[in-house]
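Structure first, then comments.
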Amino acid sequence: MKILVIGGTRFFGRAFTELALSKGHDVTVFHRGQSDSEHFDGATRIIGDRNTDLEKLGDDSWDAVLDTCGFTPNQVTETATYLKDKVKHYVFISSISVYTESEKMNRNEDADLLDHPEGEPTDELKMENYGSLKVLCEQAAEAIMPNQVTQIRPGLIVGPYDASNRFTYWVTRVAKGGDVLVPGDGSRLSQVIDARDLAAFTLKVIEDKNIGIFHVAGPQEPHTVKSVVETVKRVTDSDANFIYVDEDFLTDNEVRPWMELPLWIPSATGDSMMNVDISRALDAGLTLRPLEETIQDTLDWYREIDGDSQEWAAGMKPEREADLLEKWANH
């Protein structure tokens, strides 16, 4: 098949492009040239910005387009409009963040979606409006190419090449051993998806010409934070000593959920977001590799790039963790 990938040189997009090429597909990657794509042996590369350079795609045609980096409805509208007579299938990477807050567990793809706040711009990404903008992006694609769109709503994407450090933090922190701060009693839920499993599913829906909306996360019965860190300890043969710290104590000490202490969302609505129904994707062919494999591969990649020498947006600094553990011990 001929597949156009918008973005496609980092993390999930990288995994998808590599997989599609390995399976013999004819892949064109349209990207800004800000990250390495030289390893995509056999791909056609077009350097350009989707916001200003769509004409660089010319008059070629493709069986499908994968949009990995649509964050505002204007972007998606312009892209879909340009491509509507050049592609047969528009696959959009959305997010499970599109839903309204709820304490309901195991919601499916028909759950209520967010409304974009009145008066807020729709042509610029603000992280507080990330979810509602993704809703508008989904709607934009469907409006331009009705009944030709697949919306993929991933959970937290993890694995090698993850620049966010949200899952990687726990892999590397536990591997280093010693006293490790873990939030609450470790029972908060956590659904994740290895970028390579997301890539395999995305390619399958393209190959199958499968139109629809899919949650792509896992497993169906979610991990807990406790099960994640214990699995990391086992995989890495670490001497980590887990110290479970009360959530109210963490909140009182202004520990920031999700980013400073990844995977931790101290609310019933957070647990709901980490416990979506993935049965539709499973029925469509989603497969999930063992968590142990993702952990080991993530750690190998982190060591390969000398991750300790780099700055990461997410994760707790060692001195901050030590200070909190001392306070907790003396509280």
Give a yes-or-no answer on whether the side chains of His89 and Thr150 include a donor-acceptor pair shorter than 3.5 Å.
yes

Starting from the C-alpha separation in whole Å, work towards a yes-or-no answer on ring-ring contact (aromatic ring centres under 6.0 Å, His included) for Phe12 and Tyr161.
CA-CA 8 Å; Phe12 157 68; Tyr161 300 100; over 10 Å; no

Would one find more than 12 heavy atoms of other residues, nucleotides or ligands at under 6.0 Å from atom CD of Glu254?
no

Gap separating the CD atom of Gln310 from the CG atom of Asn165, nearest 0.5 angstrom:
9.5 Å

Under 3.5 Å: donor-acceptor pair, side chain of Tyr302, backbone of Val171
no

For Glu109 and Arg153: C-alpha separation, side-chain torsions, deciding distance, then whether salt bridge (Lys or Arg N to Asp or Glu O under 4.0 Å) applies.
CA-CA 9 Å; Glu109 292 86 347; Arg153 296 172 179 164; over 6 Å; no

Residues Lys209 and Asp63 bridged, charged N to O under 4.0 Å:
no

Can Phe214 and Leu286 be said to form a side-chain contact (heavy atoms from CB on, under 4.5 Å), step by step?
CA-CA 10 Å; Phe214 299 97; Leu286 172 65; over 6 Å; no

Just checking, Lys84 and Tyr82: is the charged tip under 6.0 Å from the six-membered ring centre and within 45° of the axis?
no

Give the C-alpha distance, both sets of side-chain angles, the deciding distance and a yes or no for side-chain contact (heavy atoms from CB on, under 4.5 Å) between Ile3 and Leu203.
CA-CA 10 Å; Ile3 303 171; Leu203 184 58; 3.9 Å; yes

Under a 3.5 Å threshold, yes or no: a donor from one side chain and an acceptor from the other, between Ser267 and Thr269?
yes

Polar side-chain atom of Thr224 near backbone of Ser227 as donor-acceptor pair, under 3.5 Å:
yes

Mind checking the CG-CD spacing from Asn147 to Glu142? Nearest 0.5 Å is all I need.
5.5 Å

Salt bridge flag under 4.0 Å for residues Asp271 and Lys104
no

Using the ring of each side chain (for Trp, its six-membered ring), is Phe71 parallel, tilted or perpendicular to Tyr130, with breaks at 30° and 60°?
tilted

Please determine whether the number of non-hydrogen atoms from other residues, nucleotides or ligands lying under 6.0 Å from atom CD of Glu292 exceeds 12.
yes

If hydrophobic clusters are built by linking Ile, Leu, Val, Met, Phe, Trp and Tyr wherever their side-chain heavy atoms come under 4.5 Å apart, do Val205 and Ile6 end up in the same one?
no

Verdict with supporting geometry, Asp300 and Gln296, side chain to side chain donor-acceptor pair (under 3.5 Å):
CA-CA 6 Å; Asp300 290 345; Gln296 186 62 61; 2.9 Å; yes

With a 4.5 Å cut-off on side-chain heavy-atom distances among I, L, V, M, F, W and Y, is there a chain of contacts connecting Leu66 to Val87?
no

Checking side-chain polar atoms at under 3.5 Å, does Asp306 have a donor or acceptor matched by the opposite partner on Ser309?
yes

For a side-chain contact (heavy atoms from CB on, under 4.5 Å) check, start with the C-alpha distance between Val229 and Val174, then their side-chain angles and the critical distance, and finish with the verdict.
CA-CA 7 Å; Val229 297; Val174 174; 4.1 Å; yes

Go through the steps for Tyr169 and Trp312 under the test ring-ring contact (aromatic ring centres under 6.0 Å, His included), then give the verdict.
CA-CA 9 Å; Tyr169 167 78; Trp312 302 94; over 10 Å; no

Atom CZ in Arg14, atom CZ in Phe40: separation rounded to 0.5 Å?
6.0 Å

Are Glu120 and Lys126 close enough for a salt bridge, meaning some N to O gap below 4.0 Å?
yes

Are the charged groups of Glu55 and Arg50 less than 4.0 angstrom apart, N to O?
no

Would you check if there is a donor-acceptor pair between the side chains of Asp162 and Ser164 at a distance under 3.5 Å?
yes

Taking atom CG of Asp283 as the centre, does the number of heavy atoms from other residues, nucleotides or ligands within less than 6.0 Å exceed 12?
yes

So, Glu321 and Arg173, do they make that salt bridge, N to O below 4.0 Å?
yes

Find the distance between CG (Asn106) and CD (Gln220) and round it off to the nearest 0.5 Å.
5.0 Å

Got a salt bridge between Glu260 and Arg320, using NZ or NE/NH1/NH2 to carboxylate O under 4.0 Å?
yes

Take atom CZ of Arg32 as the centre, draw a 6.0 Å sphere, and report whether it contains more than 12 heavy atoms from other residues, nucleotides or ligands.
no

Verify whether one side chain among Asp179 and Asn241 offers a donor that lies under 3.5 Å from an acceptor in the other.
yes

Passes side chain to side chain donor-acceptor pair (under 3.5 Å), Asp123 versus Thr72? Steps please.
CA-CA 6 Å; Asp123 59 352; Thr72 68; over 6 Å; no

Side chains of Thr100 and Asp112, donor plus acceptor under 3.5 Å
no

Answer yes if Ile213 and Ile206 sit in the same cluster of Ile, Leu, Val, Met, Phe, Trp and Tyr residues linked by side chain heavy atoms under 4.5 Å apart, and no otherwise.
no

For the CD1 atom of Ile265 and the CD atom of Glu247, what is their distance to the nearest 0.5 Å?
11.0 Å

Does Leu57 form a side-chain contact (heavy atoms from CB on, under 4.5 Å) with Leu4? I'd like the steps, not just the answer.
CA-CA 10 Å; Leu57 293 172; Leu4 171 64; 3.9 Å; yes

Is the charged tip of Lys56 near the ring of Phe30: under 6.0 Å from the six-membered ring centre and within 45° of its axis?
no

In terms of ring plane angle, is the pair His331 and Trp328 parallel, tilted or perpendicular, where the classes change at 30° and 60°?
parallel

Below 6.0 angstrom between ring centroids: does that apply to His215 and Tyr99?
yes

hydrophobic_cluster_shared for Val135 and Leu125, side chain cutoff 4.5 Å:
no

I'd like to know if Val5 and Met145 are part of one continuous hydrophobic network [Ile/Leu/Val/Met/Phe/Trp/Tyr, side-chain heavy atoms within less than 4.5 Å].
no

What I want to find out is whether Asp60 reaches Lys2 closely enough, with some N-O distance under 4.0 Å, to be called a salt bridge.
yes

Are Glu138 and Ser94 close enough that a side-chain donor and a side-chain acceptor fall under 3.5 Å?
yes

If you round to the nearest 0.5 Å, how far is OG1 of Thr231 from CH2 of Trp170?
13.5 Å

